[in-house]
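Since the structure comes first, as structure tokens, the remarks are kept for the end.
Note that the coordinates shown come from a computational prediction; the quantities given were computed from them, not determined experimentally.
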Amino acid sequence: MTPHPLVLLHHAGGSAAYFDPLVKALPPEIAPLAVDLPGRGRRWRETPVTTIDEAVDSLLETVSVIDGPFSVFGHSLGAYVGLALAARLEETGARSQCVTLFASANSGPRGAVLPFEGSPLTTTDEEIFEITAKSGGGLSQQVLDHPQLRRRTADLLRADFSVSQSFLSRQRRTVTEADIVVCYGTDDIFTAEQLDQWRLNTTASTETRLFPGGHFYIEQNVPGLVETIAGRQHARVT
């Protein structure tokens with residue numbers, strides 16, 4: 001049996017490397033493809049994208065190598081990017097189509113609150129770090145104490161929050177035909193109502209998977225996530 005592709009999309013300020021423990025634990029029937037947005041990881045030399053359309057555009061070449069159905073695991077910002085990507089592929093009739101979106105650690109778009117009154121791109125470093133902390137994320141003291149890392153991290157966060165803001169401003173009512181599996185940590189900031197609203201963004205089914213932990217619950221729940229992801233794939237082929 002040909003392995004089922006799983007595209008992994010990282011959180012604001014993150015990179016594909018965040019998924020390394022999960023990627024290593026996935027069974028052979030799942031073919032993981034952890035992707036960096038421009039400016040991150042292996043694409044660090046590229047200019048960061050600042051809109052949802054630019055983010056999706058940057059992923060089209062990556063998913064074009066997939067011949068047939070695939071799934072997306074999008075963490076935090078990645079959940080919105082994954083939804084926009086799935087909808088774009090459906091609109092264009094692309095050969096590759098997302099059949100399951102694992103929406104991780106983020107509110108359903110309809111009930112999400114815009115964290116900025118103006119553009120995230122005009123915020124100071126202190127403001128962007130404060131918003132990040134309130135949104136459930138966090139930065140190591142090592143990053144905050146290193147001037148060069150601090151500046152670069154602030155720039156990436158501004159770009160990522162701009163992507164999220166552009167999605168919520170223009171595409172929060174986006175609907176996909178893919179199933180949505182909502183995954184989140186019990187100690188995250190989102191309410192049950194906000195998580196339930198993911199059902200409004202699909203014409204297919206939704207279900208919820210709860211894990212112990214906060215916004216970065218993945219680190220402590222790799223076996224459970226593997227079971228969830230592989231279980232969906234098993235159900236799809238039987």
Side-chain angles (χ1 to χ4, degrees), residues 1-44 55 58-59 62-63 65-66 68-86 96 98-107 132 135-140 143 156 160 163-164 178-190 195 198 206-237:
M1 181 177 67
T2 302
H4 180 72
L6 176 68
V7 176
L8 298 113
L9 303 175
H10 59 77
H11 56 282
S15 71
Y18 175 68
F19 295 113
D20 283 352
L22 181 59
V23 165
K24 292 175 182 176
L26 288 168
E29 60 264 29
I30 305 294
L33 182 59
V35 182
D36 286 305
L37 288 176
R40 284 54 163 208
R42 290 160 293 185
R43 305 179 69 177
W44 67 275
S58 75
L59 298 173
T62 299
V63 300
V65 302
I66 300 173
F70 68 98
S71 297
V72 170
F73 188 101
H75 185 67
S76 197
L77 169 66
Y80 291 162
V81 176
L83 175 59
L85 173 63
S96 53
C98 177
V99 293
T100 303
L101 168 63
F102 296 92
S104 172
N106 212 339
S107 167
T132 301
S135 300
L139 297 168
S140 70
V143 169
L156 290 177
D160 285 342
V163 170
S164 180
D179 295 329
I180 296 181
V181 180
V182 182
C183 303
Y184 70 101
T186 54
D187 299 327
D188 211 336
I189 63 173
F190 307 110
L195 295 167
W198 274 105
T206 58
E207 60 183 282
T208 300
R209 290 290 182 268
L210 181 66
F211 298 91
H215 195 62
F216 296 108
Y217 71 93
I218 292 176
E219 300 166 1
Q220 292 80 41
N221 294 278
V222 169
L225 275 171
V226 169
E227 182 179 353
T228 295
I229 294 168
R232 287 291 306 186
Q233 170 59 7
H234 177 74
R236 196 182 70 83
V237 298

Worksheet item: Do Y217 and D188 have side-chain atoms, one donor and one acceptor, less than 3.5 Å apart?
Response: no
Fill in: Pair Y18 + H11: ring centers closer than 6.0 Å
yes
Fill in: V63 and V7: CA distance, side-chain angles, deciding distance, side-chain contact (heavy atoms from CB on, under 4.5 Å) verdict
CA-CA 8 Å; V63 300; V7 176; 4.3 Å; yes
Practice prompt. Quick one: do V181 and R232 satisfy side-chain contact (heavy atoms from CB on, under 4.5 Å)? Show the steps, please.
Written response: CA-CA 9 Å; V181 180; R232 287 291 306 186; 3.8 Å; yes
Discussion item. How close do L37 and A55 get, counting heavy atoms only, and between which atoms?
Written reply: CD2-O, 4.2 Å
Worksheet item: Can any side-chain N or O of D36 pair as donor or acceptor with the backbone N or O of S15 at less than 3.5 Å?
Response: no
Worksheet item: Around E219, counting heavy atoms of other residues, nucleotides and ligands shown, do more than 12 lie under 6.0 Å from its CD?
Response: yes
Practice prompt. Supply the atom-to-atom distance T208 OG1 to L195 CG, rounded to the nearest 0.5 angstrom.
Written response: 7.0 Å
Item to complete: In sequence, state the C-alpha distance, the side-chain angles, and the governing distance for I229 and F73, and then conclude on side-chain contact (heavy atoms from CB on, under 4.5 Å).
Response: CA-CA 9 Å; I229 294 168; F73 188 101; 4.0 Å; yes
Discussion item. So does F19 get a backbone contact from the side chain of H10, meaning a donor-acceptor N/O pair under 3.5 Å?
Written reply: no
Worksheet item: Under 3.5 Å, is there a donor-acceptor pair between the side chain of T100 and the main chain of D179?
Response: no
Fill in: Minimum side-chain heavy-atom gap L225-F211 below 4.5 Å
yes
Discussion item. Looking only at the side chains, is there a donor atom on one of S104 and H75 sitting less than 3.5 Å from an acceptor on the other?
Written reply: yes
Worksheet item: Do P3 and E29 touch side chain to side chain, with heavy atoms closer than 4.5 Å?
Response: no
Worksheet item: If every non-hydrogen atom of A34 is compared with every non-hydrogen atom of R42, which pair is closest and at what distance?
Response: O-NH2, 3.0 Å
Worksheet item: Is there a donor-acceptor contact under 3.5 Å from the side chain of N106 to the main chain of S76?
Response: yes
Discussion item. If you compare all heavy atoms of C98 against all heavy atoms of A178, which two are closest, and at what distance to 0.1 Å?
Written reply: O-CB, 3.4 Å
Worksheet entry | OG1-CD distance between T228 and E207, expressed to the nearest 0.5 angstrom | 8.0 Å
Discussion item. What's the separation between atom CG in L156 and atom CH2 in W44, rounded to the nearest 0.5 Å?
Written reply: 12.0 Å
Discussion item. If you apply the rule side-chain contact (heavy atoms from CB on, under 4.5 Å), what do you find for L9 with V35, and how did you get there?
Written reply: CA-CA 6 Å; L9 303 175; V35 182; 4.2 Å; yes
Worksheet item: What closest approach, in Å, do S71 and F102 show between heavy atoms, and which atom pair accounts for it?
Response: CB-CE1, 4.2 Å
Worksheet item: OH/Y184 to CH2/W198 distance, rounded to the nearest 0.5 angstrom?
Response: 14.0 Å
Response to the item:
Here the pair of heavy atoms bringing A105 nearest to H215 is O-CE1, 3.2 Å
Worksheet item: If you look at every heavy atom in G82 and V72, which pair is closest and at what distance?
Response: CA-CG1, 4.0 Å
Discussion item. Distance check, rounded to the nearest 0.5 Å: L83 atom CG versus I180 atom CD1?
Written reply: 6.0 Å
